[in-house]
Amino acid sequence: MDFIPTFDLHTFITAPWSDGLSGSIWILVMGFLVNAACGLVGNFLILRRMALVGDAISHSLLPGIAVVFLISNSRSTGLMVTGALAAGLASVWLIEFIHKKTRVKQDAALGVTFTTFFAIGVILISVFADQVDLDLECVLYGEIGWIGFEDSWLVMGTEVPIPLLQMGVTFLVVLALVIVFYKELLVTSFDSGLATSLGIPASWIHYGLMMMLSLVIVFSFESVGAILVIAMLIMPGATGALLSDRLPHILTLSVIFGGFYSLAGIHLAEWLNCSIAGAMVVSGFGLFCLIWIASPRRGLLVLSLKRLKQRSSEVSVN
Amino acid sequence: MSPEIPLPLEIHDLTVAYHKKPVLYGIDLEVPAGQLVGIVGPNGAGKSTLIKTIMGMIPPSSGWVKIFGKPYRKNAKRVGYVPQRESVDWDFPVNVMDVVLMGRFGHLGLLRRPGKKDKEIAMACLEKVNMAPYAQRQISNLSGGQQQRVFLARALAQESDLYFLDEPFAGVDAATESAIISILMELRERGKTLMVVHHDLTTAKEYFDMLLLLNMRKIDFGPTEDVYTYDKLQTTYGGRLTILSEVADTRQKQSDELPLEK
């Protein structure tokens, strides 16, 4: 069988770390930072029943990036982030606007908006193909292994790749914002009516969260692409909710899962010789299934054991 | 009342529209302090819309609201709120204590989290509604009555002077209903003002000091004994009241007949 390479446990475990060790370490850290930052923001999307807004924003960023490219003809990070943030917020605003001004429901408004934004991005890139040096494949799928690890800064005696520094700062900013605004995020997600009555500006928190989401997505873009980033946003929180029903625990679990996805993804990609980002998502789903089956509180195993016990006790009573 | 002490709630010419369709027309209201007020009217009369507009959740098309003489935002801390139970997701990953602590958020500034004192207040409020043993319970494992008690405890933790309650008796057991009403009456004794959206006309008469009859417009507002008349209720409910009064009549007959049978 050529389709699936032979599985050799020894190479599976050791290969990523035997040659090009530092490369693998940077990919591992980068993957962790992307997954953890996405997971933290994504939890609040899940709680607000906005899981697919991440989808919408990630696709809407494309025209923003393309326009910035056309105007400035540069890849400067500051401009890219500005363009992406503007496009992300514009799409969020347009979704709300369509929803409020017409009878179109929110999910349909979302479907109309993000596909249009994405299409505009595709048109821009194909019309100005000679001027826009953007690889659509990279935009869609990303490739964490190809990130420009050559450019680096010296941080405390170690050469750290610049994309990694950017993602590290993004993760720390997200972590700080979630900690500082935890109570506002909590109450606006649980009961926006109460939040407004308390004088907490629910719409500011909403747009703040959307900005944070756009920021995280734009920096995760190169690593995991516009489509797989949605998995990084939603999977950690969805998996965490299988294990715990306290939000602080679920948030912590999401960050830990981020590390696991990264590590498992690297090994799976080494074995199958495939995209690392794709391998991370698939390992994430593997973990999801494992916890779904084996979770000590509501796992399938525990539930069926309980049902068996119940049935046997019913039989003994009879 | 002396002019220096502002009314808890003053509304002038309040009109609210959804998609350009008015749902509330020109509401004028002056609610004195220390009253337990029932807001009564048929479905779609705009009862919830009224209290949501007062609290700034829905922007009015015209008119203004004053809370203790100031715009809502300035006095948000003095207002407590019990939303409809179905308005939140009870599978949300928080426990009872977390929910009650949300009532303290209005008193905490930005960057501050609930401290020991807030937790003590929240616990005391849970004790008041007999829910203290459930403090660490995940909220999805609560009955309807328990959920309503948790919401009431959260409102108590807000330590406000004016309360809005949206159908606090909907779908709760009799024990919870009597527990809630006795807490509301106790709050009134302490000079608080309470506005309660209420569905059941028969209990409205015994529970409330004052009634606001609402059906898109203010039909009437005043002491219960003046407002609770057949004509005014008929105006509020339109033709539908006949069904209600028939129910009331048969219930009356049944209770009249019972002693005779003995």
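To find a chain, count down the sequence lines: A is the first, B the second, and so on, and within it residues start at 1. Keep in mind that the numbers below use all heavy atoms, side chains included, and drop hydrogens, waters and symmetry copies.
- Contacts between A/Arg49 and chain B at a heavy-atom distance below 4.5 Å involve the side chain alone, from C-beta outward.
- No part of B/Ile54 comes within reach of chain A, as not one of its non-hydrogen atoms sits under 4.5 angstrom from that chain.
- Enclosure of atom CH2 in B/Trp90 by more than 12 non-hydrogen atoms of other residues, nucleotides or ligands within 6.0 angstrom is indicated.
- With a threshold of 4.5 angstrom between heavy atoms, B/Asp98 approaches chain A through side-chain atoms but not through N, CA, C or O.
- Of all heavy-atom pairs between B/Pro93 and A/Leu47, the closest is CD-CD2, 3.4 Å.
- With a 4.5 Å cut-off on non-hydrogen atoms, B/Val82 does not touch chain A at all.
- Panel note: side chain B/Tyr72, backbone A/Ser197; a donor-acceptor pair is recorded below 3.5 Å.
- Ranked by heavy-atom pairs under 4.5 Å with chain A, the first of B/Met102, B/Met55, B/Arg73 is B/Met102.
- Here CG of B/Leu108 is found 9.0 Å from CD of A/Glu184. Values are rounded to the nearest 0.5 Å.
- Residue contact with chain B, scored on non-hydrogen atoms closer than 4.5 Å, involves the side chain of A/Ile250 exclusively.
- For A/Phe285, the CZ atom counts as loosely surrounded, since its 6.0 Å shell holds 12 or fewer non-hydrogen atoms of other residues, nucleotides or ligands.
- Heavy atoms closer than 4.5 Å to chain B are found nowhere in A/Ser203, neither backbone nor side chain.
- The shortest heavy-atom contact between B/Arg112 and A/Lys183 is O-NZ, 2.9 Å.
- Contact of B/Phe151 with chain A is made through the side chain alone, with heavy-atom distances under 4.5 Å.
- For CZ of A/Phe97, the number of neighbouring non-hydrogen atoms (other residues, nucleotides, ligands) closer than 6.0 Å is 12 at most.
- There is no contact between A/Ser244 and chain B, counting heavy-atom distances below 4.5 Å.
- A distance of 8.5 Å separates CZ in B/Phe92 from CZ in A/Arg48, rounded to the nearest 0.5 Å.
- Counted within 6.0 Å of CE on A/Met211, heavy atoms from surrounding residues, nucleotides or ligands total 12 or fewer; the atom is thus considered open.
- Rounding to the nearest 0.5 Å places CZ of B/Phe105 at 9.0 Å from CG of A/Leu194.
- Pairing each heavy atom of B/Arg113 with each of A/Tyr182, the nearest pair is NH2-CB, 3.9 Å.
- Counted within 6.0 Å of CH2 on A/Trp204, heavy atoms from surrounding residues, nucleotides or ligands total 12 or fewer; the atom is thus considered open.
- Atom CZ of A/Phe260 has more than 12 heavy atoms from other residues, nucleotides or ligands within 6.0 Å.
- Rounded to the nearest 0.5 Å, atoms CZ (A/Arg246) and CD (B/Gln138) are 9.0 Å apart.
- Among A/Asp245, A/Leu198, A/Val187, the residue making the largest number of heavy-atom pairs under 4.5 Å with chain B is A/Asp245.
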